[in-house]
Structures are given as C-alpha cells and as structure tokens.
Amino acid sequence: MDKILNYKDEIRKAMSLLAQDERVLFIGQSTLHPDVTPLFESLQDVPLSKRIELPVAEEMQMGMTLGLSLEGYIPVSVYPRVDFLMLAMNQLVNHLDKVEEMSCGRFKPKVIIRALVGSTKPLYPGPQHCQDHTKALKSLLTNINVVRLTNAERIVPAYRRALESKRSSILIELMDLYRWVPPYQK
Amino acid sequence: MTKEDLIAFEDEVAALFLDKKIRAAVHLSRGNEEPLLEIFKGVKPEDWVFSTHRSHYHALLKGISPEWLKQEILEGRSISIFNKEHHFFSSAIVGGCLPIALGVALAIKRKGESRHAWCFVGDMASHTGIFHECTKYAENFRLPITFVIEDNGLSVNTPTRETWGINEPTSPIGEVHTLKEWHHEVLDTWVMGKVLYYRYERGFPHSGTGQWIKF
C-alpha cells in the first residue's frame, strides 16, 4: 500500500527542492521570523542566506519579486494569506502578468508566488483572513499559472513544474490541510 | 545626443502622429532636455533605467538608437518602451516601476556589483505610498538606486499640488537633492538610495500634440 503523504511535510520537501536551485531566493514575511502561519516552519531546510524577510508592504514585495527576476533570480515570493495578496494586485496584474506582452517577449519574468488560504479550524480568523480567490486570479491573469494545491500528492510535482516552467506561477496552499495527519501517524 | 537632437526626435514623432502614421497614444517630451542631459552623465551603459509612459528622452539618452525607438513608436508602443540590451524598462502605471527598480537594486547589491538602477517618476507618483515605501527601503538598506522626480506639476491634467493641498513641490522621505547640488565627482558618496528632483514646464500635452483624441 502506498504511503499517505502529509501536506505539511510535502510543502517542506518542495521548498527544499526549490532551494537547491542556486537562482532561487525566498522573499516575504515569515521567512526568517516565525508567526502563526506554517510558512516559517516550511522553510526550515532552506539556508538562511536564501531568505529575505520583508516589511509588510505587499505591493512593494511583488514589484521587488519582479525586479529580482530581471536580474536572473527566481524569487519565491511568500504571502501568508491570499487576502494579503490582494494588496499586490497592481504589480501582479498590471506588471508581472503584462511585461512579456508589453515588451514583445523581450522580458519574460519568471517568479513563483506562494499564497495561503487561511485555516478556519480550530480558530475562525474572520472574513479577511481565509478568502480563497483562486478562481478570480485565474480569470484575471493571462500569463501566470495559478495552481490550487488540493492534496499532498500534488505539491512536489506542482512546485517542480513551477521551477521548470518558463512562466510565472502562483501556488495556492490550503492551510486547513496543513493540520491533516495521516491515520497511521495519529 | 544633444538638446537639439532630442527636440528634433520628438518633433519628428509629432509630425508622424499628426500625419496619422502612429495609431496609438504617444507621450512626447519637451522642456526637460537640460536636466536630463545632466543626469544621464552619471548613467553607465550597464546601469538599468526605469521609465514612465513618457520615455523617449530617457531611452535616447540611455543609448537606444533613434531608429529602433522610432520603429517601436510607429508600431504603437510609445507608451511601453522596453529594451533588454540597454537594460531599459518602463511602466505606464503611476509609480509602477518603483518597486521593480528596487528589486533590481537589491539583486545588484546581493551580487556585489557596481551597477546602478535609475528610476524616473512624476511628481504625482512622488506622493504615493509606494514611493515612500521604496525610497525608505532603498535608503535604509543603501541599495544602488537613484530615484528621479520629474516635476511638471501635473498627472495627466490633474494638478498635483492643488489636489494634495500643498505648496511644496514634493515631500518624499529622506534627502532630496536638486540638480544644482548635484556634482558628479561626489556621485558615489551620496547617490545611494537618494532622490533627485527637477522641475520643468511640460512642452507637450499629456498625450499627443494638443489636438485631443479621447482614448
């Protein structure tokens, strides 16, 4: 019988895989300082030198992510909640998504964005901390892959594809699934 | 590239536009040749330049050939000039390039290289939140970037000072240097993360040549 994969472990494994690429940097909140989300924990196998903790400035973060990619880095830009990603929409929709078209393909920025849908159990975080805008993002974006990670088996392959893809990707992680533990581990 | 060369280029584009050879928006420069010629004395070929919707002068002074630029404009891309070879990038959204330029500057610093990013913005952009965030971050982390505020007092036709209720030209965080204070021999000592400012009167309207086309 195949082993049942654990969501949290697979995320950590995927981050470790990304970190092996010398072009990859992790940027955003909770990359160096732990908080209530599982982000910090998911980066435990990533060298500190590859992590850049940013102030809470979501649009600035998205623009910096794009800028780093212009210099050859593959930034993994971390947003602790999809709700917070909404503050970065100018850079996401008007810039990252449009640069290739505006530049006639001369610039092809490639970044990876992690955004988490906040968990609703055991504590309900309120309507500003658990929104899932996957469908809206897919509608808005024409040149960026949007992938919702609905089970543990999809995680490592999805991040590997994001790393190998020529396009930018947004991976939506579901925080409620982080808490799920396979029966044999209970 | 001289002041006369810059003016002649824009005059040619204006004539092409009036002759219906350009079926897209054009944003022409006029009146800021001298400050730009001064600023670009400090811009090296390997540096990045981040521009706005009004980018023809910036592009020419960065070293992009007039022929290449003219072709882009004829193909309807006056508003979005991008040239990878010359590290030239633009955005037609107010303040759009600010954090992108900041990310490039962070990358240059991480690599330990001596290249520099130059980010041009209008006066309205200098009052936005993103401008304050980016100049603060650049200043505090001593990133190799210079922001240049080009103050013509207007954003499209909205008067910046009237709508913000201010008299001063601008109020960014950190030091602002007017061009009179700018001396190339001390470039490396203060230019990191600082803001340059110059003021001029717009010689052309926001878009086109003065004969209004709504778009």
Side-chain angles (χ1 to χ4, degrees), chain A residues 22-29 31 47-79 87-113 168, chain B residues 24 46 48-51 53 55 64 68 71-72 75-111 113 115 117 119 125 128-138 140-141 143-145:
Chain A
E22 63 179 20
R23 299 167 297 173
V24 167
L25 286 176
F26 294 80
I27 185 165
Q29 289 87 56
T31 57
L48 292 175
S49 62
K50 278 182 167 281
R51 301 192 229 164
I52 303 169
E53 180 90 12
L54 283 187
V56 178
E58 290 86 355
E59 185 186 355
M60 185 180 90
Q61 177 181 328
M62 188 63 74
M64 290 176 79
T65 302
L66 169 49
L68 285 163
S69 79
L70 295 180
E71 276 287 316
Y73 288 106
I74 301 177
V76 179
S77 198
V78 175
Y79 287 86
L87 283 93
M89 294 307 271
N90 174 37
Q91 285 298 323
L92 183 64
V93 178
N94 291 328
H95 294 84
L96 182 62
D97 190 52
K98 302 296 181 298
V99 166
E100 185 171 345
E101 181 184 342
M102 289 193 295
S103 70
C104 296
R106 296 179 185 113
F107 289 96
K108 295 179 180 177
K110 185 261 184 54
V111 313
I112 298 171
I113 298 157
S168 292
Chain B
E46 63 271 27
W48 279 88
V49 166
F50 290 85
S51 184
H53 61 290
S55 65
I64 291 173
W68 185 92
Q71 190 57 39
E72 288 294 297
E75 291 175 21
R77 290 192 285 277
S78 167
I79 198 169
S80 301
I81 300 299
F82 288 81
N83 187 301
K84 196 168 185 178
E85 182 190 350
H86 289 277
H87 302 106
F88 193 89
F89 195 100
S90 67
S91 169
I93 301 287
V94 169
C97 273
L98 284 159
I100 304 169
L102 191 69
V104 163
L106 177 62
I108 292 170
K109 185 174 181 183
R110 280 185 74 90
K111 293 176 183 177
E113 296 179 356
R115 293 178 293 129
C119 185
T128 60
I130 193 76
F131 181 88
H132 284 251
E133 292 171 18
C134 292
T135 52
K136 180 163 58 180
Y137 193 92
N140 291 340
F141 287 96
L143 298 187
I145 185 169

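Side-chain atoms are counted along with the backbone in the values below, which use heavy atoms only and exclude waters and symmetry mates. Proteins come first, then strands; the chains are lettered A, B, ... in the order of their sequence lines, and each starts at number 1.
Considering only heavy atoms from C-beta on, B:Ile100 comes within 4.5 Å of A:Gln91 through its side chain. The side-chain heavy atoms of B:Leu106 and A:Tyr73, taken from C-beta on, include no pair separated by under 4.5 Å.
Under a cut-off of 6.0 angstrom, the local environment of NZ in B:Lys109 is crowded, with over 12 non-hydrogen atoms contributed by other residues, nucleotides or ligands.
Neither the backbone nor the side chain of B:Phe141 has a heavy atom closer than 4.5 Å to any heavy atom of chain A. Looking at A:Pro55, only its side chain comes within 4.5 Å of chain B, counting heavy atoms on both sides. With a 4.5 angstrom heavy-atom cutoff, A:Leu96 does not touch chain B via any of its atoms.
Atoms OG and CD1, on A:Ser103 and B:Ile81 in that order, are 11.5 Å from each other to the nearest 0.5 Å. Atom OG of residue B:Ser91 and atom CG of residue A:Asn90 lie 7.0 Å apart, to the nearest 0.5 angstrom. Within the model, atoms CD of A:Glu58 and CD1 of B:Ile130 stand 10.0 Å from one another, a figure rounded to the nearest 0.5 Å. Atom SG of A:Cys104 and atom CD of B:Glu75 lie 7.0 Å apart (nearest 0.5 Å). Atom CG in B:Leu143 sits 7.0 Å away from atom CE in A:Met64 (nearest 0.5 Å). A:Leu68 CG to B:Arg110 CZ: the interatomic distance, rounded to the nearest 0.5 Å, is 8.0 Å.
Aromatic ring pairs are classed by plane angle as parallel below 30°, tilted from 30° to 60° and perpendicular above 60°; the pair B:Phe89 and A:Phe107 is perpendicular.
Among A:Glu71, A:Met102, A:Met62, the residue making the largest number of heavy-atom pairs under 4.5 Å with chain B is A:Glu71. Per-residue counts of heavy-atom pairs under 4.5 Å with chain A were compared for B:His87, B:Lys111, B:Glu85; the largest is that of B:Lys111. Contacts with chain A were tallied for B:Ile93, B:Asn83, B:Leu98, B:Ile108; B:Ile93 has the most, counting heavy-atom pairs under 4.5 Å. When each of B:Ala107, B:Ser90, B:Gly129 is scored by its heavy-atom pairs under 4.5 Å with chain A, the top score falls to B:Ala107.
Closest of all the heavy-atom pairs between B:Val104 and A:Gly67 is CG2-O, 3.3 Å. Residues A:Arg106 and B:Glu72 share a closest heavy-atom pair of NH2-OE2, 2.7 Å. Summarising the geometry of A:Met60 relative to B:Cys134, their closest heavy-atom pair is CG-SG, 3.9 Å, with the distance given to 0.1 Å. Taking both residues in full, the closest heavy atoms of B:Gly96 and A:His95 are given as CA-NE2, 3.4 Å, listed atom of the first, atom of the second, then distance.
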